[in-house]
Asks: 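Have a look at this one before I ask anything.
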Amino acid sequence: MMFDDVQNQLETQILALCREEGIPLGQVNWNWIPFSGHWGLSLSFFQAAAEEAKQKGLKLNVGKRAQEIAQLMSEHVKLSDAFDQIEAVRGYLNIRFSNAVFSRRVIDTVLEEKDDFGRASRNHIRTMVEFSQPNTHKAFHVGHLRNVILGNAICNILDFGGDDVIRANYLGDIGLHVIKWLWCYRKYHAGEQPTGDITRWMGDIYAEATRRHEEEPDAEAEIRALFARWDNRDPEIVREWEVTRQWSLDGFEQIYKTLNVKFDHLYFESDVEDSGKVIVDELIARGMATDERPEGAVVVKLDELCGTRDKYRVLVVLRSDGTSLYSTKDLALGIRKFEEFKLNRSIYVIDVRQSLYLQQIFKTLDLLGYPWTDQLYHLAYEIVNLPGNVTMSSRDGTVVFLQDLIDEAITRARAVVEEKNPSLTDEEKSSIASMVAMGALKYAMLSRDNTKIVTFDWEAALDFNGQAAPYIQYAAVRANSILRKNDMVVPDSLPLTYELSEVEIELIDLISRVPKEVQRAAKEMKPLFIANLAFDLAQTFNNFYRQCPVLQAEPDVRDYRLRLAAAARQAISNCLALLGIETPEVM
RNA sequence: GCCCUCAUAGCUCAAUGGAUAGAGCACCGGUCUUCUAAACCGUAGGUUGCAGGUUCGAGUCCUGCUGGGGGCGCCA
């Protein structure tokens with residue numbers, strides 16, 4: 001990447017020296033020097049020293065020997081003018097970059113590549129990411145938010161990391177919940193049409209349906225009868241189902257628009273039901289599934305088939321009455337994705353509670369003989385709970401509606417803009433409030449590890465202070481503000497003619513890490529890495545802003561710092577963009 | 001019963017097997033006549049749940065234990 005050339009040059013030298021001296025250095029793992037203001041490459045020799053002792057059968061002090069090797073290297077490695085200093089420190093070899101050479105290189109690269117800074121060349125891996133997966137005819141609540149935010153960020157990061165990403169959504173458009181909704185609608189809301197917040201309207205009817213289902217003695221029978229009509233493709237019911245389903249889709253579109261999330265492809269459960277049943281037949285025919293109907297269901301006894309115990313358990317693939325299950329459809333969908341899009345890999349963004357289930361699906365597809373099953377990946381994340389570890393459930397009415405949260409976030413952000421920047425136009429204030437509010441909500445979800453439960457708390461979710469998106473956005477705005485005072489003119493590339501301060505070096509160092517962090521985040525599928533880097537960049541920029549005058553400085557210092565400010569703004573903005581967060585011009 | 005997962009400052013969380021375990025919040029005190037104070041600085045806060053093990057080196061990997069959460073044949 002940014003330092004590949006000089007890195008390789010050093011590597012060749014070091015490996016050659018080790019060979020000469022008989023030092024068993026397997027591979028060179030460069031790290032950055034973990035001291036602020038020290039910018040360069042670092043390498044440890046503990047492993048080599050330990051390996052050497054083992055080979056020679058000696059018991060010697062590894063730390064001491066590592067330092068000796070590092071010392072030896074520091075004396076013999078020839079540095080190009082790309083480096084300033086080489087020193088052996090406690091078993092590490094630290095090679096400091098020449099600030100003149102590399103700060104210019106980093107800043108030039110960022111300002112040249114702009115929005116593509118950090119973006120890798122294409123690796124020709126075609127990856128589908130399935131996320132969101134909402135049920136039609138139901139509400140969209142805060143519990144669903146993490147999935148959308150995470151899935152979207154993963155898509156951005158994988159794309160930046162080199163993959164060809166296909167963003168897929170899988171909509172639960174059939175099943176008992178839909179029929180229950182239709183039953184309530186036909187009986188109590190016939191002819192009504194949604195207005196305003198469509199998803200909320202749909203969700204309200206669903207909640208009512210659940211309530212009436214429990215209260216009304218005849219409900220169960222009526223719903224079952226309606227299910228039968230739908231199953232027999234009664235034109236009237238099918239038409240109503242199609243119309244109401246479209247309402248839900250329109251409602252989801254509103255939500256995705258506010259979240260600024262787009263999909264390349266939509267799958268529907270109703271589309272894979274039939275093909276799912278065909279697969280079940282195949283499973284039975286090949287002796288992989290046991291048909292226990294009519295007393296029991298159709299099941300795949302995975303542990304028996306795999307010779308494992310209590311690992312895969314049993315997967316039910318068809319109900320005893322012959323109707324399909326989630327698994328029926330997921331088997332078909334898994335295959336269909338690879339066939340339609342010639343995928344290299346397929347990622348499922350689904351909460352951690354479905355881990356076993358997805359392992360069962362993947363294993364069943366594996367047993368069916370598909371060659372790509374080792375490229376199925378479940379990206380598991382923990383759920384969003386309410387205080388007291390209460391899981392949100394629309395059935396129990398313990399939900400925070402997404403739109404309510406968004407509205408409140410925007411209201412509060414709007415109040416802050418009003419206070420901080422009253423001279424802006426109404427339109428500007430709204431736009432900033434929206435960017436800040438959405439940013440804060442998204443950052444809160446992405447700045448903790450996927451494996452950590454998020455406890456939703458109104459105050460915490462709406463806290464714009466500290467390690468939060470508005471802080472990061474504000475740093476970019478400050479950089480932008482300096483540039484604006486220079487009529488947005490970024491000077492041409494120029495040589496470094498002054499001594500960089502520690503904070504400037506640290507800032508440039510952090511900027512230079514973006515491409516590698518993107519790679520790491522893509523590999524581990526952890527937006528958290530980008531969230532952390534964005535915060536570090538913002539924090540360091542704020543230090544720079546306080547310590548280093550830009551516009552008031554001597555002409556060449558001024559021009560250099562103007563370019564640095566522009567590069568910092570770009571780096572921050574790119575990181576935020578990967579998280580799906582926008583960077584305002586002013587705030 | 002089996003499996004997964006989490007446990008780090010008062011709280012919420014970070015930390016490629018590597019150098020001195022860091023942020024934010026909260027608390028207390030300070031900084032706008034200078035590019036936006038949605039900012040910055042300072043004080044304080046730690047036996048990384050417990051016990052072993054692997055390793056030159058463990059918050060990180062392995063085993064066991066304790067405690068929380070989740071999952072385990074016809075919900076999605």
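Protein chains get the first letters and strands the later ones, always in sequence-line order, with residue 1 at the start of each.
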Asks: Which sits closer to the 5' end of RNA chain B, A/A475 or A/F46, going by the nucleotide each is nearest to?
Replies: A/F46
Asks: Going by an N to O cut-off under 4.0 Å, is there a salt bridge joining A/E585 and A/R484?
Replies: no
Asks: Give me each pair satisfying side-chain hydrogen bond (donor to acceptor under 3.5 Å, both in side chains) with a member in residues 380-390 of chain A, each pair once, sequence neighbours excluded.
Replies: A/N147-A/Y381, A/N385-A/N389, A/N385-A/T391
Asks: Give RNA chain B the dot-bracket treatment, 5' to 3': Watson-Crick (N1-N3 with N6-O4 or O6-N4) or G-U (N1-O2, O6-N3) under 3.5 Å, [ ] crossing, | other strand.
Replies: (((((((..((((....[...))))..((((.......))))......(((((..]....))))))))))))....
Asks: Kindly point out which of B/rA38, B/rC6, B/rU20 is positioned nearest to the side chain of A/Y474?
Replies: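 Closest of the options to the side chain of A/Y474: B/rA38.
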Asks: What string of B, S and - do you get for nucleotides 27-32 of chain B, 5' to 3', if B is base contact, S is sugar-phosphate-only contact and - is no contact with any protein heavy atom under 4.0 Å?
Replies: ------
Asks: Counting only side-chain heavy atoms from C-beta out, which of B/rA38, B/rA19, B/rG69 sits nearest to A/V416?
Replies: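 Nearest nucleotide to the side chain: B/rA38.
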Asks: List the protein contact pattern of nucleotides 7-17 of chain B with one symbol per nucleotide (5' to 3'): B for base contact, S for sugar-phosphate-only contact, - for none; contact means a heavy-atom distance under 4.0 Å.
Replies: S----SSSSB-
Asks: Sequence neighbours excluded, which residues qualify as side chain to side chain donor-acceptor pair (under 3.5 Å) partners of A/R563?
Replies: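 For A/R563 the side chain to side chain donor-acceptor pair (under 3.5 Å) partners, ignoring immediate neighbours, are A/D108.
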Asks: Distance check needed: B/rG70 C1' versus A/Y381 OH, whole Å only.
Replies: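 For the pair A/Y381 OH and B/rG70 C1', the rounded distance is 14 Å.
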Asks: Please tabulate the protein-to-nucleotide N/O contacts below 3.5 Å involving nucleotides 40-42 of chain B, giving atom names and distances.
Replies:
| from | atom 1 | to | atom 2 | distance (Å) |
| --- | --- | --- | --- | --- |
| B/rC40 | OP1 | A/Y471 | OH | 2.4 |
| B/rC40 | O3' | A/N543 | OD1 | 3.3 |
| B/rC40 | O2' | A/R546 | NE | 2.4 |
| B/rC41 | OP1 | A/N543 | OD1 | 3.1 |

Asks: According to a strict under-4.0 Å criterion, is A/K311 in side-chain N/O contact with OP1 or OP2 of B/rC3?
Replies: no
Asks: Taking side chain to side chain donor-acceptor pair (under 3.5 Å) as the definition, give me every residue that meets it alongside A/Q570, ordered by chain and number, with sequence neighbours left out.
Replies: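 With neighbours one apart ignored, the set is A/D115, A/N574.
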Asks: Can you run down the side-chain hydrogen bond (donor to acceptor under 3.5 Å, both in side chains) pairs that involve residues 64-73 of chain A, sequence neighbours left out, and say none if there aren't any?
Replies: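 Listed by first then second residue: A/E52-A/R65, A/R65-A/E68, A/Q71-A/E75.
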Asks: Which residues satisfy the side chain to side chain donor-acceptor pair (under 3.5 Å) test with A/R414, sequence neighbours excluded?
Replies: A/E418, A/D426, A/S430
Asks: Categorize A/V417 for me: base, sugar-phosphate, or nothing, with a 4.0 angstrom heavy-atom threshold over every strand shown.
Replies: base
Asks: How many Å lie between CG on A/D351 and P on B/rU5, as a whole number?
Replies: 15 Å
Asks: Please encode protein proximity along nucleotides 71-76 of chain B as a string of B, S and -, counting only heavy-atom distances under 4.0 Å.
Replies: SBBBSB
Asks: Could I get the full list of side chain to side chain donor-acceptor pair (under 3.5 Å) partners for A/K526, not counting sequence neighbours?
Replies: A/D449
Asks: When you measure from the side chain of A/Y545, which nucleotide among B/rA38, B/rA37, B/rU20 comes out closest?
Replies: B/rA37
Asks: Considering only distance and modelled atom types, tabulate donor-acceptor pairs under 3.5 Å from the side chains of residues 434-448 of chain A, sequence neighbours left out.
Replies:
| from | atom 1 | to | atom 2 | distance (Å) |
| --- | --- | --- | --- | --- |
| A/K442 | NZ | A/L259 | O | 2.7 |
| A/K442 | NZ | A/G580 | O | 2.7 |
| A/Y443 | OH | A/A531 | O | 2.7 |
| A/S447 | OG | A/Y443 | O | 2.8 |
| A/R448 | NH1 | A/A444 | O | 3.4 |

